[in-house]
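To start, the structure under review is shown below, and the notes come after it.
Hydrogens, waters and symmetry mates play no part in the numbers below; they use all other heavy atoms, side chains included.
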Amino acid sequence: MKKILNKNTFFELFMIALGCAIYALSLDMISVPNKLADGGLSGIALLLRHFWGINMGFTTLVLNIPLIILGYRFMGKRLLAYTIWGTVALSFFLSFWRLVPIITQLNLEHDLFLSAVLAGTLSGLGLGLVFRDNGTSGGTDIIARICQMKYGISSGKMLLFCDAVVLFVSLSYLDIKHMMYTLLASFILSRVMDAVQQGAYTARGLLIISDKYQQISEMIDLKLNRGFTYLKALGGYKQDNKRIIYLVVSPREIPTVKQLIFNEDPNAFVTIIEVHEALGEGFTYKKPHRKFIRK
C-alpha cells in the first residue's frame with residue numbers, strides 16, 4: 001500500500017484533477033456560452049444540456065459509469081483507478097464552475113474566433129495535463145483504449161471517429177458557422193495537448209554521413225560541447241562500411257552545426273529531424289554553459 005500511495009501518485013492525482021478543472025472551465029466558461037460544440041461524452045453532455053437542460057456534470061458522470069464497468073475487463077487497476085478519479089473530477093468541476101461568478105464575467109459572445117482560440121487552448125492544456133500524468137477523463141478515451149488493446153485499432157483514429165459522430169449530430173442545433181469555429185478549437189486543442197504531453201523543450205536530431213566523420217565530431221565536441229554517437233552503416237552503392245554521426249542539439253544550435261560540418265566537408269550528407277522531447281545530460285539534467293563570445 002505504501003508503494004502505491006507514494007508522493008508520485010499523489011502528485012499525478014493532483015495534476016489529473018487540475019487538468020480536469022481547466023478542461024471543465026473551458027467548457028463552462030467558453031464553449032457553452034458561445035455555442036461551440038465538443039466531441040466525445042462532453043459533446044453528448046452539451047447536446048443533452050441544450051435540448052433538455054440536464055446538468056453537464058451529472059450527465060458526464062452517469063454516461064461514464066457503463067464505460068468504466070466495460071473498461072474494467074481490459075484496463076489495469078492503476079489505470080482504471082486514475083480513470084475513475086479523472087471522471088469524478090471532471091464531473092465535479094463541470095458543476096462547480098457553474099456556481100462561480102467568473103463564468104458570467106467573461107463575455108466573448110460577439111467574437112467566435114477569440115472564443116475558439118481560448119477554448120482550444122484551455123481544453124488542450126487541461127487534457128494535456130491529464131494524459132501526461134497517466135490519466136484519462138473517461139468517456140471515449142476508454143473506448144479508444146479498449147479498441148486498441150482488443151482489435152488493434154489506433155486510439156487516435158477511434159477518438160477521431162467518436163468525435164466526428166458527435167460533432168455531426170451537433171449540427172442538429174448548431175449552424176455551419178459555429179461548427180467551423182468548433183473545428184478550429186479542436187485543431188488548437190490537439191496542438192496544445194501534444195505540446196503539453198511531449199514537454200516544452202524540443203530539440204533537433206542530426207544524422208551526418210561523411211568520410212571526415214572524425215574531424216566533424218572533434219569540432220562538435222570542441223565548439224558545442226555536445227555528445228554524439230557513431231552508428232555503423234553500409235553504403236548502398238559501393239557496399240562500403242561507413243560511420244554515421246548521430247547528434248541531438250537545440251534548435252538555436254542548428255546554424256552553428258551546419259557551419260561546422262560545411263567547414264570540414266562541404267559534400268557531407270546531413271538530415272535534420274524533429275525531436276519532440278530530449279531527456280538526459282545536456283538537456284534536462286545538466287545543460288552546457290553557452291559561450292556568447294567564441295574565440
Give every residue pair that meets the salt bridge (charged side-chain N to carboxylate O under 4.0 Å, His left out) criterion with at least one member in residues 207-222, sequence neighbours excluded.
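Only Asp211-Lys242 qualify under salt bridge (charged side-chain N to carboxylate O under 4.0 Å, His left out).
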Salt bridge (charged side-chain N to carboxylate O under 4.0 Å, His left out): pairs with one or both residues in residues 11-24, sequence neighbours excluded =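 Matches after skipping sequence neighbours: Glu12-Arg78.
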List in chain and number order the residues that pass salt bridge (charged side-chain N to carboxylate O under 4.0 Å, His left out) with Asp175, two or more places apart in sequence or in another chain; answer none if no residue qualifies.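 Partners of Asp175 by the salt bridge (charged side-chain N to carboxylate O under 4.0 Å, His left out) criterion come out as none, since no residue qualifies.
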Can you check side chain to side chain contact (heavy atoms under 4.5 Å, CB included) on Ile220 and Ile208, steps first, answer last?
CA-CA 12 Å; Ile220 291 173; Ile208 307 168; 4.2 Å; yes
Atom pairs and distances, side-chain donor-acceptor, residues 258-269, under 3.5 Å, sequence neighbours left out:
from, atom 1, to, atom 2, distance (Å)
Gln259, NE2, Asn263, OD1, 2.9
Asn263, ND2, Gln259, O, 3.2
Asp265, OD1, Asn267, N, 3.1
Asp265, OD2, Ser210, OG, 2.4

Considering residues at least two apart in sequence or located in another chain, which fulfil the side-chain contact (heavy atoms from CB on, under 4.5 Å) criterion with [X]?
X: Ala24; value: Leu90, Phe93, Leu94, Trp97
X: Ile22; value: Leu18, Leu122, Leu125, Leu129
X: Ile44; value: Leu41, Leu48, Leu63, Val166
X: Leu234; value: Gln239, Asn241

Residues that Ser26 engages under side-chain hydrogen bond (donor to acceptor under 3.5 Å, both in side chains), provided they are two or more places apart:
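Applying side-chain hydrogen bond (donor to acceptor under 3.5 Å, both in side chains) to Ser26 gives Ser123.
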- Applying side-chain hydrogen bond (donor to acceptor under 3.5 Å, both in side chains), name anything that partners Tyr181, two or more places apart in sequence or on another chain.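 Tyr181 satisfies side-chain hydrogen bond (donor to acceptor under 3.5 Å, both in side chains) with no residue once adjacent residues are dropped.
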Worksheet item: Who are the ring-ring contact (aromatic ring centres under 6.0 Å, His included) partners of Phe92, not counting sequence neighbours?
Response: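 ring-ring contact (aromatic ring centres under 6.0 Å, His included) check on Phe92 returns Phe96.
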Discussion item. Check Glu253 with Arg226, please: is the shortest side-chain N to carboxylate O separation under 4.0 Å?
Written reply: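 Between Glu253 and Arg226 there is a salt bridge, with a charged N closer than 4.0 Å to a carboxylate O.
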If you look only at pairs with a residue in residues 215-247, which of them pass as a ring-ring contact (aromatic ring centres under 6.0 Å, His included), with sequence neighbours excluded?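 Listed by first then second residue: Tyr213-Tyr230, Phe228-Tyr230.
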